[in-house]
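Down below is the structure, laid out as structure tokens.
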Amino acid sequence: MAERARELIRNTGVFAIGSLSTKLLSLLMVPLYTTVLSTADYGTVDVIGTFTGLLAPLVTLSVYDAVFRWALDDANDASTAFSNALVVWASSMLIFSSICVGLAALDVAYIGYFWFMVVLGSLGPIGRIINAYSSP
């Protein structure tokens, strides 16, 4: 039981470091952003970032979280979870990309940047899923 508690504390620490380091990096980048960007440009970057943060879980359907939750149960087949995750992710990216192309045709401002941020942001979790299931 003590070993399990130590592992829990260690894993919690790893997640906390990851979460805090991202927020700290964002805070440290503010002086650079405000020096290089105008007030209007900084506001645009912030709005795009906020919309990306709000819509990315909806667009990607939180496949990363679902796969690792599903994989926790030994009764579930990991390869099925992995292949389903890739199909769901690819389908959602195709639908999202189609919507963005339609919005770009309507001359919606900054839709290309928004598309790029969401797709790039979704590649990290998909890469972690691939790494987790490709290791022996």
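The model shown is predicted, which means the values in this text are computed figures rather than measured ones.
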List, one per line, each side-chain donor-acceptor pair under 3.5 Å for residues 45-62, sequence neighbours excluded.
| unit_1 | atom_1 | unit_2 | atom_2 | d |
| --- | --- | --- | --- | --- |
| T50 | OG1 | D46 | O | 2.8 |
| T52 | OG1 | I48 | O | 2.7 |
| T60 | OG1 | A56 | O | 2.8 |

When rounded to the nearest 0.5 angstrom, what is the spacing between OG1 in T12 and CD in E7?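 T12 OG1 to E7 CD: 10.0 Å, rounded to 0.5 Å.
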Going only through I, L, V, M, F, W and Y residues with side-chain contacts under 4.5 Å, is there a path from [X] to [Y]?
{"X": "M29", "Y": "L37", "result": "yes"}
{"X": "V88", "Y": "L94", "result": "no"}
{"X": "V36", "Y": "L27", "result": "no"}

Do E3 and R6 have side chains that approach each other closer than 4.5 Å (heavy atoms only, starting at C-beta)? yes
Residue pairs passing the side-chain hydrogen bond (donor to acceptor under 3.5 Å, both in side chains) test with at least one member in residues 25-40, sequence neighbours excluded, are S38-D41
Check residues 99-124 and write down every donor-acceptor pair under 3.5 Å in which the side-chain atom is one partner and the other belongs to a residue at least two apart or another chain.
| unit_1 | atom_1 | unit_2 | atom_2 | d |
| --- | --- | --- | --- | --- |
| W115 | NE1 | S97 | OG | 2.8 |
| S122 | OG | W89 | NE1 | 3.1 |
| S122 | OG | V119 | O | 2.9 |

With sequence neighbours left out, the residues meeting side-chain contact (heavy atoms from CB on, under 4.5 Å) with L20 are none
